[in-house]
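Written below as structure tokens is the structure these notes are about.
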Amino acid sequence: MNFENILVEQANEIATITINRPKKLNALNKATIEELHQAFDTLNKEVNTKVILLTGSGEKAFVAGADISEFAHFSEAEGGKLAAKGQELLFDFVENLSTPVIALINGFALGGGLELAMACHFRIASDNAKMGLPETSLGVIPGYGGTQRLPQLVGKGRALELIMTAGMISADEAKASGLVNHVVTLEELLPLGQKLASKILRNSSVAIGKAIKAVNSGYKDGENGYASEINAFGECFGTEDFKEGTTAFLEKRKPDFPNK
Ligand code: COA
């Protein structure tokens with residue numbers, strides 16, 4: 001895959017996407033969002049990609065937000081369209097992928113950058129990372145799902161404080177509030193991402209895809225998470241992975257999942 005704004009590498013069933021606009025602190029312009037959509041879509045369909053890591057290039061930023069220069073002159077209608085298109089192409093898209101996506105937050109994750117990290121299935125951060133939703137300081141609100149996903153992750157009060165103050169929190173504060181799962185040095189960030197990915201690789205990718213769907217279902221209007229779970233649980237019994245997983249346990253050996 002050849003892109004202008006992102007890099008995609010693949011090794012041992014783990015793909016790493018690096019947002020690569022370091023001079024603009026990896027800000028998400030339209031072209032980058034489209035390229036990310038294409039990369040995620042392609043990797044999700046590839047059978048030999050089981051986990052996707054997402055990070056930013058350079059040592060300063062994961063993503064410093066949506067590219068302000070692209071929308072500063074937008075009308076109301078264009079603003080609405082920007083949010084809707086972005087959510088469809090990238091933020092909702094990533095959250096609903098059946099392939100697990102881990103955000104490796106290697107610096108500033110602000111506005112759309114934090115929203116992108118929050119759309120990933122979970123997050124780890126380097127100790128230099130700073131996170132926030134500064135949109136109200138620009139006269140706008142988070143439009144890529146931030147008003148929904150931040151309260152889900154940290155609770156309504158903490159989310160509103162961060163949104164209304166437009167402030168930034170440190171990696172340790174983010175960990176204490178449940179926004180990120182682990183904090184390590186910048187050097188340790190990719191190795192930890194790879195280690196967690198390797199643990200995920202040992203398990204059934206079919207079951208993992210169904211687990212993501214069941215968890216997400218609980219946060220969707222008009223869906224019943226418990227009913228979705230029952231459905232997905234039942235479906236697992238018809239998979240080759242289930243047969244292999246249970247047979248391997250009973251035979252006291254490690255499973256070799258066909259991922260079907
Ligand atoms: N959109 C467009 N360009 C951005 C950007 C964004 N969200 N964030 C950073 N950049 C650009 C800067 O304009 C600058 O470009 P230039 O060198 O051509 O002038 C370059 O990236 C470096 O940023 P700079 O502001 O000089 O770095 P800094 O270390 O002084 O400050 C930040 C870092 C993250 C605090 C600051 O860049 C910032 O506040 N960015 C905007 C964050 C934001 O509001 N995001 C939400 C958008 S909805």
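For ligands, and for the atoms within them, numbers begin at 1 and follow the listed sequence. Just so you know, these numbers come straight off a predicted model, no measurement behind them.
Of the charged side-chain nitrogens involved, none lies within less than 4.0 Å of a carboxylate oxygen, so that Asp67 and Lys30 do not count as a salt-bridged pair. A salt bridge links Glu244 with Arg253: the distance from a Lys NZ or Arg NE/NH1/NH2 to an Asp or Glu carboxylate oxygen falls below 4.0 Å.
Among residues two or more places apart in sequence or in another chain, the ring pair (Phe, Tyr, Trp, His ring centres under 6.0 Å) test is passed with Phe233 by Phe237.
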Can you produce the list of protein nitrogen or oxygen atoms under 3.5 Å from a nitrogen or oxygen of ligand 1, alongside each distance?
{"unit_1": "ligand 1", "atom_1": "1 (N)", "unit_2": "Ala66", "atom_2": "O", "d": "3.4"}
{"unit_1": "ligand 1", "atom_1": "1 (N)", "unit_2": "Ile68", "atom_2": "N", "d": "3.0"}
{"unit_1": "ligand 1", "atom_1": "7 (N)", "unit_2": "Ala64", "atom_2": "O", "d": "3.0"}
{"unit_1": "ligand 1", "atom_1": "7 (N)", "unit_2": "Ala66", "atom_2": "O", "d": "2.9"}
{"unit_1": "ligand 1", "atom_1": "15 (O)", "unit_2": "Lys24", "atom_2": "NZ", "d": "3.3"}
{"unit_1": "ligand 1", "atom_1": "18 (O)", "unit_2": "Lys24", "atom_2": "NZ", "d": "2.5"}
{"unit_1": "ligand 1", "atom_1": "21 (O)", "unit_2": "Lys23", "atom_2": "O", "d": "3.4"}
{"unit_1": "ligand 1", "atom_1": "29 (O)", "unit_2": "Lys60", "atom_2": "NZ", "d": "2.6"}
{"unit_1": "ligand 1", "atom_1": "45 (N)", "unit_2": "Ala64", "atom_2": "O", "d": "3.0"}

List the atom pairs, with distances to 0.1 Å, where a side-chain N or O of residues 85-93 and a protein N or O form a donor-acceptor pair under 3.5 Å, not counting sequence neighbours.
{"unit_1": "Gln87", "atom_1": "NE2", "unit_2": "Gly143", "atom_2": "O", "d": "2.7"}
{"unit_1": "Asp92", "atom_1": "OD1", "unit_2": "Arg149", "atom_2": "NH2", "d": "2.9"}

Which donor-acceptor pairs under 3.5 Å do side chains of residues 183-191 form with protein atoms, sequence neighbours excluded?
{"unit_1": "Thr185", "atom_1": "OG1", "unit_2": "Glu188", "atom_2": "N", "d": "3.3"}
{"unit_1": "Thr185", "atom_1": "OG1", "unit_2": "Glu188", "atom_2": "OE1", "d": "3.0"}
{"unit_1": "Glu188", "atom_1": "OE1", "unit_2": "Thr185", "atom_2": "N", "d": "3.1"}

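The CG atom of Leu110 sits 9.0 Å away from the CD atom of Glu135 when rounded to the nearest 0.5 Å.
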